[in-house]
Amino acid sequence: MTAYVYNTMTKKREPFEPKEPGKLSMYACGLTVYDKSHIGHAMQAIIYDMIRNYFEFRGYEVTYVRNYTDVDDKIIERAALENKPALVYSQEMIDLSLKDMALLGVKPATIEPKVSEHIPEIIELIQKLIDKGHAYESQGDVYFEVRSFPKYGCLSNRDPEELRSGSRIEINQQKNDPLDFALWKRAKEGEVSWTSPWGEGRPGWHIECSAMAEKYLGREFDIHGGGRDLIFPHHENEIAQSCAAHDSCYARYWIHNGLILVDGQKMGKSKGNFYTIQDAVKAFHPEAIRYTILKSHYTANIDFCDSAFHDAYSRMLYFYNTFKRVEEIREQFPDAEATPPANITVPNIKDAFIEVMDDDFNTVAAIREINAGFKFINDLVAAKKPKMKQKAGVILAVADEIKTCLGILGLCQNPSKQALAEIQEYLIRARNIDPAEVEARLQERVAARENKEWQKADDIRESLIADGIAVMDTPQGTEWQVLPHKPKACDKEA
RNA sequence: GGCGAUGUAGCCAAAUGGCUAAGGCAGAGGUCUGCAAAACCUUUAUUUGCCGGUUCGAGUCCGGCCAUCGCCUCCA
């Protein structure tokens, strides 16, 4: 079976053929670390983490490069505010980001290069562009000559002439053409800088990705990804630099993820609708965040609002409650055989999962297939017909299968009791519930039930439900769990 | 203004021309239960923003219109 990938360059879904059979080389534009990571970064990281997991699952040897841009104007500005050297400040942000990402189940990329450690490669690439007539030095800066690259605009379908006539292009006397962009910036007094053939300075924005992708993945590699908002100018400029320098094709497939919206608008600091990962993780359980991101196709935008999480919590509770049942069965029947009883058809979750994931990483449909597995398990557990002894093995086998699939999405890999307790903590906090008080009311109810004072017991239960607390009488005693909030429509007026 | 994306049920969201338009959430009915909860079963779009066209066949392709969003300045 072949995987299909939507390629932004051709605007078509194409069969994925790696440059080298069995290997995947992927570059995703990572962070410019001038501040704490936000959930937009998290979305991007989660999506490429999922793609990497999936290719590994399919047997590819994956080299996934995700860079840190640790030198730029904003970093210098912020570091100065905090009275720190720029690279010290950016390293702190990198360390924070790694912690934040780990909370969301994002593994570090295979290689996470930093700009500050690749200055020689960058200088070499710039020199090559100058030598080939694609770049020029001007008062200590070096600019890429857009006119020298006829294909400019091929990714974003922009016409350089129309861009030039646009009023928003900054006029800069040092440039030959308003579209030319900086490869190297002369250092101002006191700024972090490196020695180059053009004097003291530092790299411009786009060049670092071209240089580092080439170093770790070669001049031509398989997948280049990033947020949709990077298509122009960032990725367009990368293409110009790399292709002009080497006359080669650079990335074979371009993929772009959607963006996080808040109140229907792109999240951004200037709009004040901004969540750092730390904000988000404080408000919502990390797995609920991950689920919320993967329950849409990666190219879609996601509106990040309270109501989006009702669904996520409902599902996380369902998944983990089911796994809790499965774990109890496993304890009871550790050696159960996976041969299904005669009249039971076992769904092939894994194949269905692969089929939809091969179709441009359709995580939405993948979750649908996983749902079918859960339903099968719960159905079989509830059924009276085959004795548990006979069906336990099948239940365990299907549970293992869906757990593998969920693992590729980065979900449900924790012990269920622990995960359920964590989710409960979030819901308790969100609803402002006092567990001690709940326990007290529950004790009252237990007493009422023992006296068969059903009305009183039911009244207590109803009052707890009104507070979002579901009460469950089980043979082991009475348990309770907090339910997610009823969904409200996202307020798109803002 | 240019470029691009999106518009599918009360809400979220799949479906890359072809069997009765997935799945989830919320709602309704049922099984189980003292009653519930959880779980399970049944049910909820004669129709995909609007208008035209291509086709044996359109949510899907083409044209026009409307609406929302993004990029064109730093952005994941």
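Numbers restart at 1 for each chain; the letters A, B, ... are given by sequence-line order, proteins then strands. Hydrogens, waters and symmetry mates play no part in the numbers below; they use all other heavy atoms, side chains included.
- One donor-acceptor pair, N or O on each side, does fall under 3.5 Å between the base of B/G34 and the side chain of A/D458.
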Worked check of ring pair (Phe, Tyr, Trp, His ring centres under 6.0 Å) between A/Y250 and A/H224: CA-CA 9 Å; A/Y250 199 44; A/H224 191 132; 5.7 Å; yes
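- Across B/A15, B/C3, B/A76, the shortest atom-to-atom separation from the side chain of A/N157 is found for B/C3.
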Using the 3.5 Å cut-off, write out each protein N or O paired with an N or O of nucleotides 19-22 of chain B and the distance between them.
unit_1, atom_1, unit_2, atom_2, d
B/A22, N3, A/R368, NH1, 3.1

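- A donor N or O paired with an acceptor N or O is not found under 3.5 Å between the base of B/C25 and the side-chain atoms of A/R315.
- Nucleotides B/C11 and B/A26 are separated by 16 Å at their P atoms, to the nearest Å.
- Taking the P atoms as reference points, B/G4 lies 27 Å from B/C12, given to the whole Å.
- One interatomic measurement links the two molecules: CE of A/M9 to P of B/G4, which rounds to 14 Å at whole-angstrom precision.
- Under the salt bridge (Lys or Arg N to Asp or Glu O under 4.0 Å) criterion, A/E327 pairs with no residue, sequence neighbours left out.
- For A/K266 against B/C69, no side-chain N or O and base N or O form a donor-acceptor pair under 3.5 Å.
- Remark: RNA chain B takes part in the stems B:1-7 with B:66-72, B:10-12 with B:23-25, B:27-31 with B:39-43, B:49-53 with B:61-65, each of 3 or more antiparallel Watson-Crick or G-U pairs, criterion distances under 3.5 Å.
- Looking at A/R449, its side chain comes within 3.5 Å of the base of B/G34 through a donor and an acceptor atom.
- For A/D379 and B/C41, a side-chain-to-base donor-acceptor distance below 3.5 Å is absent, hydrogens and geometry of angles not being considered.
- The P atoms of B/A28 and B/C56 are separated by 48 Å, rounded to the nearest whole Å.
- Seen from the ring of A/F323, A/K403 counts as a face-on cation partner, given the 6.0 Å and 45° thresholds.
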